[in-house]
2 protein chains.
Amino acid sequence: MPSVSCKDCPLRKLDIFTPFSSDEVKFMQVFKTGELKVDPGTTILMEGSNSPQLYTVLSGLGTRYTTLENGRRQVINFLFPGDFTGLQAGLMGEMKHSVDATTEMTLCVFRREDLWTLYRQFPERAYDLTWIAAVEEHFLGETIASLGQRDATQRIAWAFVRIRERLVAAGLSKGNAVPLPYRQQDLADALGLSLVHTNKTLNSLRSAGLATWRDGQLTIDNLASLAEIALIDPERPQIRPLM
Amino acid sequence: MPSVSCKDCPLRKLDIFTPFSSDEVKFMQVFKTGELKVDPGTTILMEGSNSPQLYTVLSGLGTRYTTLENGRRQVINFLFPGDFTGLQAGLMGEMKHSVDATTEMTLCVFRREDLWTLYRQFPERAYDLTWIAAVEEHFLGETIASLGQRDATQRIAWAFVRIRERLVAAGLSKGNAVPLPYRQQDLADALGLSLVHTNKTLNSLRSAGLATWRDGQLTIDNLASLAEIALIDPERPQIRPLM
DNA sequence: CGGGTATTTGACGATTCTCAAATGGTGTGG
DNA sequence: CCACACCATTTGAGAATCGTCAAATACCCG
């Protein structure tokens, strides 16, 4: 299968991403060195490695995580189409986390050495890259607030609202549901909960008629109540650049 | 008191910060529009506001936090000399968190409108800005892992090791101790623990001869054991650019 | 000396964890 | 086509970490 031309990139059309000028499209086409297609379970970036590549998720879902010395795993966040990853190794020399493909994924590949060229030749895109980093920072801060201050029910409600928001924005919603092909263990590791407690909390949300997550599909049955439980004030999904 | 000239900036000499070229020093001198000196307790940036300014901490310590709808406060991180803050409002239009001065602080002030100029005229500094954001992202990821996977003792041990590391790097250590003029409530809010439990855990660390935090001074009595408890593998403090 | 704030301590309760095992679905090989 | 292995989900029970409530103590400053 041939590589998707940036001109025809399906992600560009989405409302969460800032628009491209035609110059930017042309530049990205040169910046993009190829496409990577991986099977579920593949490790795309590995903690401690020194990846020479940066990626934008074109399709599919992934998991970003670290493993502590006692073997426990923390999922830092999930990767959705449009997410950019690999900056850390690109700028800091070494990956501090791993990224696995959860579903089959297609990624746009960029070369680390070209990053500096981007900064010199295309300040608009450099600015966007910082913007992307700032947006990421914002979400990580919100995650910290969730792990620190929300109880199990609130955490799951928060995760569901945010995940749905992002997947809808990525154009992946089907009716009232979005695809969420993770295991309960993945969500547990993301929210700092045990698998058992996650399972029981999910059941209570389901019987309360708030949200149903089954067979890799998340259905939000009552968004307003869920957002209220999650202590989220409704806001538009954060606009951001697409790399 | 006159503003510190970037040429004479005391932070530049520190090993954690990447070196400046003389061109960069000159550019920063122009970019810097002034200095802000604030008393303890002052709110420097406020959640929801649209600050036109960016800051580098020149001296003093601060607290970055958000408040949930139920009134609970999450301290996202502490601000130390050399930290850069305000990018979020600069790029995303609105602050998603607040920053308070804990001690008296002096901040280098930059104008948001000049940010774009920086990207066009000085790609090296633009690159550094992204680098700073990536380093910040890394620390937030580590914080998420702490809140999600470490218990109370491990969290405090982790915080102490990291904080000491950073304050030593900032040149603030006095013998075996570093200044840490926060309240126990601040640490509790940073680590997602209750004040009471934080207090009891601190006491147990003290009686175990690991660390003593008293009168705004943190003394690490046994760094090796503390790092082991914290599940931290010893590494050099992360090098980063200074803005 | 009195008010305000931070720290400390005790007691109790509950959210959440660990251990353990059952259930259910899927794919492979006999 | 069934048996079996493997994996994810589900359920139960007991334990423990941690939170909340309450109050005492200590410290600082006017």
Side-chain angles (χ1 to χ4, degrees), chain A residues 39-41 61 63 68 70-75 100 102-103 146-159 179-208 211-219 229 231, chain B residues 39-41 61 63 68 70-75 100 102-103 146-159 179-208 211-219 229 231:
Chain A
D39 287 332
L61 305 182
T63 306
L68 299 210
N70 60 358
R72 299 176 66 109
R73 179 181 79 140
Q74 174 67 42
V75 170
D100 281 4
T102 303
T103 65
S146 288
L147 300 196
Q149 307 302 332
R150 285 185 244 251
D151 67 23
T153 306
Q154 294 169 334
R155 279 183 223 184
I156 293 184
W158 169 80
L180 195 66
Y182 297 96
R183 295 167 307 161
Q184 293 186 5
Q185 183 70 66
D186 296 321
L187 186 64
D189 288 348
L191 299 179
L193 300 170
S194 71
L195 171 61
V196 172
H197 197 62
T198 300
N199 179 275
K200 287 172 180 166
T201 308
L202 285 170
N203 288 345
S204 80
L205 285 177
R206 175 158 8 118
S207 27
T212 307
W213 179 27
R214 198 158 39 194
D215 303 325
Q217 292 272 329
L218 172 64
T219 309
I229 289 172
L231 304 171
Chain B
D39 288 332
L61 306 181
T63 306
L68 300 210
N70 60 0
R72 299 175 67 110
R73 179 180 79 141
Q74 175 67 43
V75 171
D100 281 4
T102 303
T103 65
S146 288
L147 300 197
Q149 307 301 332
R150 285 185 243 252
D151 66 25
T153 306
Q154 294 170 333
R155 279 184 223 183
I156 293 184
W158 168 80
L180 195 66
Y182 297 96
R183 296 166 306 160
Q184 293 185 4
Q185 184 70 64
D186 296 321
L187 186 64
D189 288 348
L191 299 179
L193 300 170
S194 71
L195 170 61
V196 172
H197 197 62
T198 300
N199 178 276
K200 286 171 181 167
T201 308
L202 285 169
N203 287 345
S204 79
L205 285 177
R206 175 161 4 119
S207 26
T212 308
W213 180 26
R214 200 159 36 197
D215 303 325
Q217 293 272 327
L218 171 64
T219 308
I229 289 173
L231 303 173

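Since this is a predicted model, take the numbers as computed values, not measurements. Order of the sequence lines fixes the chain letters, A, B, ..., with proteins taken first and strands second; residue numbering starts at 1 for each chain.
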(request) Report the distance from atom CG of B:Leu187 to atom OG1 of B:Thr198, rounding to the nearest 0.5 Å. (result)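 Taking CG in B:Leu187 and OG1 in B:Thr198, the distance rounds to 6.0 Å.
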(message) Measuring from atom CG of A:Asp100 to atom CG of A:Asp186, what distance do you get when rounded to the nearest 0.5 angstrom?
(response) 9.0 Å
Take atom [atom1] of [X] and atom [atom2] of [N], then tell me their distance rounded to the nearest Å.
X        : N      : atom1 : atom2 : value
A:Leu202 : D:dT10 : CG    : P     : 8 Å
B:Asp189 : D:dC18 : CG    : C1'   : 15 Å
B:Asp151 : D:dT17 : CG    : C1'   : 8 Å
A:Leu187 : D:dT10 : CG    : P     : 12 Å
A:Asn203 : D:dA8  : CG    : C1'   : 13 Å
B:Arg72  : D:dT20 : CZ    : C1'   : 10 Å
B:Leu195 : D:dT20 : CG    : P     : 11 Å
B:Leu191 : D:dG19 : CG    : C1'   : 15 Å

Looking only at atom types and distance, does a side-chain atom of [X] sit under 3.5 Å from a main-chain N or O of [Y], one as donor and one as acceptor?
X        : Y        : answer
B:Gln217 : B:Leu180 : no
B:Gln149 : A:Gly192 : no
B:Thr103 : B:Leu61  : yes

(request) Among the candidates D:dG12, D:dA22, D:dT10, find the nucleotide nearest to the side-chain atoms of A:Gln184. (result)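 Comparing D:dG12, D:dA22, D:dT10 against the side chain of A:Gln184, the answer is D:dT10.
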(request) Please state whether the phosphate of D:dT10, meaning OP1 or OP2, lies under 4.0 angstrom from any side-chain nitrogen or oxygen of A:Asn199. (result) yes
(message) If the cut-off is 4.0 Å, is B:Arg214 near the phosphate of D:dA26, judged by side-chain N/O to OP1 or OP2?
(response)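 False: B:Arg214 side-chain N/O out of range (4.0 Å or more) of D:dA26 OP1/OP2.
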(message) Whether the side chain of B:Lys200 and the base of D:dG19 hold a donor-acceptor pair under 3.5 Å is what I'd like checked.
(response) no
(message) Checking side-chain contact (heavy atoms from CB on, under 4.5 Å) between A:Leu193 and each of A:Thr201, A:Ile156, A:Leu147, which is the one that passes?
(response) A:Ile156
Identify whether any heavy atom of [X] sits under 4.0 Å from a base atom; if not, whether one sits that close to sugar-phosphate; answer base, sugar-phosphate or nothing.
X        : answer
B:Arg206 : sugar-phosphate
B:Gly192 : sugar-phosphate
A:Arg150 : nothing

(request) Check every nucleotide of DNA chain C for an atom under 4.0 Å from a heavy-atom of chain B, then give the first and the last such nucleotide from 5' to 3'. (result) C:dA6 to C:dA11
(request) Search all heavy atoms of B:Trp213 against all heavy atoms of B:Leu202 and return the closest pair with its distance. (result) CE3-CD1, 3.9 Å
